[in-house]
Amino acid sequence: MTAERPKTISAQTVYEGAAPDTALPALVRLNAYTRLVALQTGIRILYWDARTEHDFSYSVRHDDDLIYFGVYTGGKAHLEARCRDGLTHYETDGGLHDVYIAYRPGCRIDFTKTAGMGAGVTIALSPSVLADLSAEDAACLDQKLRSGHYFNQVRGGRQLLAFANGLRAAGSTGSTGEGERPGSQLQMLGQSLSFMGLLLEQMFQGEASDTSLSRQDIRRLNDIRDMLLADLAAPPRLDKLARQAGMSVSRLQRSFRMLFGTSVYAFFQKERMQEAYRLLLSDEESILGIALRMGYSNPGHFTAAFRKQFGLNPSDLRHSSRLRR
């Protein structure tokens with residue numbers, strides 16, 4: 001069929017039109033080609049699948065204030081975009097496996113989709129929502145957004161495309177007694193965050209970055225180390241540690257490894273097993289009691305972790321220590 005050119009679409013009307021009040025994300029079918037899912041976190045996901053016999057043109061007026069993370073996941077059709085907003089003029093041509101980040105409030109973008117099949121996903125969120133999710137990633141984009149307009153498109157890597165396909169799978173609909181429903185919020189949120197985080201990394205990995213740690217960073221990381229050592233029975237929750245350190249999870253993991261030469265969990269596990277080793281040598285508590293003290297409700301799991309660390313079972317260490325007395 002031949003699609004007629006529609007009137008200009010208001011992005012604000014589209015992306016603010018779905019505000020979920022229920023446990024499941026709201027689903028809005030915008031037209032025959034697109035579905036919009038709004039998560040309660042403030043993330044909006046647009047799934048689009050368009051098959052046309054002829055070139056199809058339309059315009060979008062970006063009267064919103066949203067950052068767009070997008071990917072072309074299927075089909076041979078291309079999507080050409082022309083932007084002339086007074087700040088910058090450019091034309092792009094997106095095709096299969098291209099990924100992009102766009103921020104262009106106040107702009108009108110003229111799109112032309114070439115004939116054939118085209119599919120993709122676009123994630124939209126405000127700069128403030130991105131800052132709530134990850135202050136570090138928001139800061140990474142901040143300088144790019146200060147001009148009021150940003151667009152960058154690159155070729156997606158294998159892992160990035162895997163997250164994109166996972167996001168599409170999580171948002172697939174099925175027929176139920178209540179109508180069409182997308183996948184669970186947790187699946188969609190997880191895939192969205194993974195996709196956006198990896199896209200930011202791929203976009204900016206070639207730019208110069210400061211790999212040194214400030215005195216404040218070192219002080220915070222030492223505080224995190226002390227927190228880990230204070231309770232060896234409780235495996236660390238990275239999100240809580242990151243909030244305590246005032247860092248994103250990715251920055252905490254990277255900075256901790258820089259300072260201590262290992263990951264947060266590997267450091268914790270090594271110290272936990274060292275403490276278990278010391279307690280076993282003291283012979284003042286049963287092996288089961290030591291396992292419980294170290295946070296293991298299952299003695300078999302404790303034995304496996306101990307053997308992985310030292311190459312022998314807890315009972316073997318205890319037996320050998322008694323023979324030496």
Side-chain angles (χ1 to χ4, degrees), residues 11-12 14-20 25-26 36-46 62-71 87 99-107 121-154 160 163-164 167 185-214 216-217 219-221 223-224 236-256 258 264:
Q12 183 176 20
V14 170
Y15 283 96
E16 293 186 359
L36 175 67
V37 174
L39 302 183
Q40 292 177 329
T41 54
I43 294 176
R44 298 164 178 85
I45 307 171
L46 188 71
H62 281 277
D63 49 1
D64 54 11
D65 184 34
L66 299 176
I67 306 169
Y68 296 88
F69 295 77
V71 55
L87 292 173
V99 295
Y100 63 88
I101 298 176
Y103 178 72
R104 39 202 180 194
C107 302
V121 184
T122 301
I123 303 168
L125 72 169
S126 68
S128 61
V129 170
L130 179 61
D132 289 339
L133 292 170
S134 171
E136 179 190 16
D137 290 332
C140 175
L141 269 178
D142 182 58
Q143 290 186 340
K144 308 291 185 182
L145 305 185
R146 285 181 184 178
S147 67
H149 189 119
Y150 176 73
F151 180 85
N152 192 12
Q153 180 172 286
V154 298
L160 188 62
F163 283 131
L167 180 56
Q185 282 207 28
L186 287 178
Q187 288 178 317
M188 300 174 77
L189 178 60
Q191 296 288 354
S192 297
L193 295 178
S194 297
F195 174 78
M196 290 189 292
L198 195 58
L199 178 51
L200 284 169
E201 179 180 338
Q202 181 172 327
M203 285 279 191
F204 303 128
Q205 65 181 353
E207 299 186 2
S209 60
D210 184 5
T211 58
S212 63
L213 295 173
S214 67
Q216 184 180 38
D217 288 337
R219 183 171 65 252
R220 290 175 177 176
L221 291 168
D223 289 342
I224 295 300
R237 281 275 305 273
L238 287 177
D239 56 339
K240 291 185 176 181
L241 293 177
R243 283 195 296 269
Q244 183 70 26
M247 302 177 178
S248 68
V249 171
S250 60
R251 183 184 173 195
L252 171 64
Q253 292 175 308
R254 184 170 60 251
S255 299
F256 194 94
M258 287 174 61
V264 175

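Note that these values count all heavy atoms, side chains included, but never hydrogens, waters or copies made by symmetry.
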From [atom1] ([X]) to [atom2] ([Y]), nearest 0.5 Å:
{"X": "Ile123", "Y": "Leu189", "atom1": "CD1", "atom2": "CG", "value": "10.0 Å"}
{"X": "Met247", "Y": "Ile224", "atom1": "CE", "atom2": "CD1", "value": "8.0 Å"}
{"X": "Asp132", "Y": "Thr41", "atom1": "CG", "atom2": "OG1", "value": "10.5 Å"}
{"X": "Met188", "Y": "Leu167", "atom1": "CE", "atom2": "CG", "value": "6.5 Å"}
{"X": "Arg44", "Y": "Tyr68", "atom1": "CZ", "atom2": "OH", "value": "9.5 Å"}

- Item | With Phe195 via ring-ring contact (aromatic ring centres under 6.0 Å, His included) - residues at least two apart |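 Checked Phe195 against ring-ring contact (aromatic ring centres under 6.0 Å, His included); zero matches.
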- Item | Closest non-hydrogen atom pair between Ala164 and Val71, with its separation |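 Heavy atoms of Ala164 and Val71 come nearest at CB-CG1, 3.7 Å.
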- Message: I need the minimum non-hydrogen distance between Leu66 and Ser126, along with the two atoms involved.
- Response: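 Result for this residue pair: CD2-N, 3.6 Å.
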- Query: Which of these, Val99, Thr122, Leu125, sits in a side chain to side chain contact (heavy atoms under 4.5 Å, CB included) with Phe69?
  - Reply: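 Single side chain to side chain contact (heavy atoms under 4.5 Å, CB included) partner of Phe69 among Val99, Thr122, Leu125: Leu125.
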- Reference residue Leu221; test side chain to side chain contact (heavy atoms under 4.5 Å, CB included); the match among Leu241, Val264, Leu213: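 The single option meeting the side chain to side chain contact (heavy atoms under 4.5 Å, CB included) with Leu221 is Leu213.
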- Task: Using the test salt bridge (charged side-chain N to carboxylate O under 4.0 Å, His left out), find all partners of Asp239 that sit at least two apart in sequence or belong to another chain.
- Result: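 Scan of Asp239 (salt bridge (charged side-chain N to carboxylate O under 4.0 Å, His left out), adjacent residues dropped) gives Arg237.
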I want to check something: taking the side chain as every heavy atom from C-beta on, are [X] and [Y] in contact at a cut-off of under 4.5 Å?
{"X": "Leu133", "Y": "Ile43", "value": "yes"}
{"X": "Leu199", "Y": "Leu160", "value": "yes"}
{"X": "Asp217", "Y": "Arg251", "value": "yes"}
{"X": "Ile67", "Y": "Val129", "value": "no"}

- Output, in order, the C-alpha distance, side-chain angles, deciding distance and verdict of side chain to side chain contact (heavy atoms under 4.5 Å, CB included) for Gln244 and Asp223. CA-CA 9 Å; Gln244 183 70 26; Asp223 289 342; over 6 Å; no
